[in-house]
Amino acid sequence: MKKTILIGLFSALSMAVFNSCTKSNSQTLASTTIEEGEEDEGYITIDTSQIPDDQFGESVRYGRELMMKTAYYIGPNGKNGKYLGNKMNCTNCHQDAGTKPHAFNLMSSHDNYPQYRGRENKVLTLAERVNNCIMRPHSGKPLPLDSKEMVAFLSYFKWISKFVPKDGNFKGAKNLEIEFPDVAASPERGKVLFAENCARCHGNNGEGVYNADKSGYTYPPLWGEYGYQPGSSMHRVIKQAQWLKSNMPYDKVLLGKPYLTDKEALDIAAFVNDDEIHKRPNPKTFDYPNKMGKPIDYSHSPFQDNFTEEQHKYGPYKPIIAYWKKQGWKAVY
């Protein structure tokens, strides 16, 4: 049985909520969900009934719909436009429309942009970042910056940002971290783990499962013609492993309590992202023009160091991180 604690307008949040002594900047009702008899785990949830009943609220609701049913509205056969090149939805990665903890959470995105992005080697606005996702994981074309859809995305991000502190310091803001083993991630081990944990939903061939009307996916494709591009964050082994550790298998993992070990998550990510056996839509560019801003698990040369493409892709990562630290550089991953 669950009980919900509502945190009122501009109220102070306890240390149990944010793991630090902060003051809430929330302008709507936030809540944390806890199991009866357990301590408050400090995760924030949102109450969509608090979306205002006005024109802005209408845009917020449409923005949430776009997150949940992206392909239905702007996919290859989109009701309101044809911008995506595949039928994946934003919520396939940014789960619960970007509000689930440890699942590429987007609740601080409105406050975090503009920000520097290494992929483009420039400062991006939030609207540009939205189009970055549409063009890469979705193999699409950018939304017009003044379109109803772009305004809806930004309205929704602004609204959900009111549930979290402005410094972005809240539990679940980022995916769970990975502790790196001394060995490289293994596509061979990952293949076995994929069959045990992933194939029943995503298919033996990673093709995914369409929803009832085939407007989008219940379980998205993991490779193939309609999968994400090599330039996507999910194509990086460390980044995907962090997400897998936090969220998969969906019916066995608990919030903040992984089912997969770090090594297993890395191995599955290595198998899924093995370009020797799994083909993907070809990107127009591999990006990251500045080698210093390139993540260490991004496997396309040139690199700032002398490690091979294979080691950058699969590891072991500890030697790379140690080398960067010795040079006084910050390793990104």
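Here the structure is a predicted model, which is why all the values come from computation and not from measurement.
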Self-check item: side chain to side chain contact (heavy atoms under 4.5 Å, CB included) assessment of Ile74 paired with Lys82
Solution: CA-CA 5 Å; Ile74 58 173; Lys82 296 175 175 60; over 6 Å; no
Practice problem: Kindly determine whether Leu66 and Cys90 satisfy side chain to side chain contact (heavy atoms under 4.5 Å, CB included), including the steps that lead there. | Solution: CA-CA 8 Å; Leu66 285 168; Cys90 296; over 6 Å; no
Self-check item: Verdict with reasoning, His110 to Ile160, per side chain to side chain contact (heavy atoms under 4.5 Å, CB included)
Solution: CA-CA 9 Å; His110 187 268; Ile160 62 175; over 6 Å; no
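Here Arg136 pairs with Asp287 in a salt bridge; the nearest charged N to carboxylate O distance falls below 4.0 Å. Between Lys162 and Asp111, no side-chain nitrogen of the basic residue sits less than 4.0 Å from a carboxylate oxygen of the acidic one, so the salt-bridge criterion is not met. At a threshold of 4.0 Å, the pair Asp182-Lys318 counts as salt-bridged, since one of the basic side-chain nitrogens sits closer than that to a carboxylate oxygen.
Summarising the geometry of Leu124 relative to Tyr113, their closest heavy-atom pair is O-CD2, 3.4 Å, with the distance given to 0.1 Å. Residues Pro76 and Asn86 come closest through the heavy atom pair CD-O, 3.2 Å. The two residues Cys93 and Trp243 have their closest heavy-atom pair at O-NE1, 3.0 Å. Minimum heavy-atom separation, Val253 to Lys245: CG2-O, 4.0 Å. In this structure, Ala241 and Ala269 approach most closely via the heavy-atom pair N-CB, 3.9 Å. Annotation for Ser59 and Ala152: closest pair OG-CA, 3.3 Å, computed over non-hydrogen atoms.
Other residues, nucleotides and ligands contribute more than 12 heavy atoms inside 6.0 Å of the CD atom of Glu196. Other residues, nucleotides and ligands contribute more than 12 heavy atoms inside 6.0 Å of the CG atom of Asp54. The environment of NZ in Lys291 is crowded: more than 12 heavy-atom neighbours from other residues, nucleotides or ligands sit within 6.0 Å. Atom NZ of Lys252 has more than 12 neighbouring heavy atoms from other residues, nucleotides or ligands inside a 6.0 Å radius. For NZ of Lys325, the number of neighbouring non-hydrogen atoms (other residues, nucleotides, ligands) closer than 6.0 Å is 12 at most. By the 6.0 Å contact criterion, CG on Asp213 is enclosed, its count of non-hydrogen atoms from other residues, nucleotides or ligands being greater than 12.
Residues Ile321 and Tyr333 are in side-chain contact: their nearest non-hydrogen atoms beyond the backbone lie under 4.5 Å apart. Side chains of Ile51 and Trp159 form a contact here, defined as non-hydrogen atoms less than 4.5 Å apart. The side-chain heavy atoms of Tyr217 and Glu207, taken from C-beta on, include no pair separated by under 4.5 Å. Taking 4.5 Å as the limit, every side-chain heavy atom of Leu126 sits out of range of all side-chain heavy atoms of Phe153. Tyr228 has its side chain within reach of Asn273: a pair of non-hydrogen atoms, C-beta onward, lies under 4.5 Å apart.
A donor-acceptor contact closer than 3.5 angstrom links the side chains of Glu120 and Asn132. With no hydrogens or angles considered, a side-chain donor-acceptor pair links Ser139 and Gln229 at under 3.5 Å. A side-chain donor from one of His102 and Tyr43 sits under 3.5 Å from a side-chain acceptor of the other. With no hydrogens or angles considered, a side-chain donor-acceptor pair links Tyr73 and Glu65 at under 3.5 Å. In this structure, a donor-acceptor pair under 3.5 Å is absent between the side chains of Asn131 and Lys141. There is a side-chain donor-acceptor pair under 3.5 Å between Asp47 and Ser49. Using modelled atom types and a 3.5 Å distance limit, the side chains of Asn121 and Tyr116 yield a donor-acceptor pair. A side-chain donor from one of Glu188 and Ser186 sits under 3.5 Å from a side-chain acceptor of the other.
If you run ring pair (Phe, Tyr, Trp, His ring centres under 6.0 Å) between His312 and each of Phe303, Tyr288, Trp324, Tyr298, only Phe303 comes through. Just one residue in the list Asp275, Asp297, Ile296 forms a side-chain contact (heavy atoms from CB on, under 4.5 Å) with Lys313, and that residue is Asp275.
In this structure, the side chain of His202 engages the main chain of Pro220 through a donor-acceptor pair within 3.5 Å. A donor-acceptor pair under 3.5 Å links the side-chain atoms of Asp262 to the main chain of Glu179, judged by distance alone.
Ring geometry for Phe194 versus Trp223: interplanar angle of 30 to 60°, hence tilted.
Phe271 does not carry Lys191 over the face of its six-membered ring by the limits of under 6.0 Å from the centre and within 45° of the normal. In this structure, Lys158 satisfies the cation-pi test against Phe56, with its NZ or CZ atom closer than 6.0 Å to the six-membered ring centre and inside 45 degrees of the ring normal. A cation-pi arrangement is present between Lys148 and Tyr62, with the terminal nitrogen or guanidinium carbon under 6.0 Å from the aromatic centre and inside a 45° cone about the axis.
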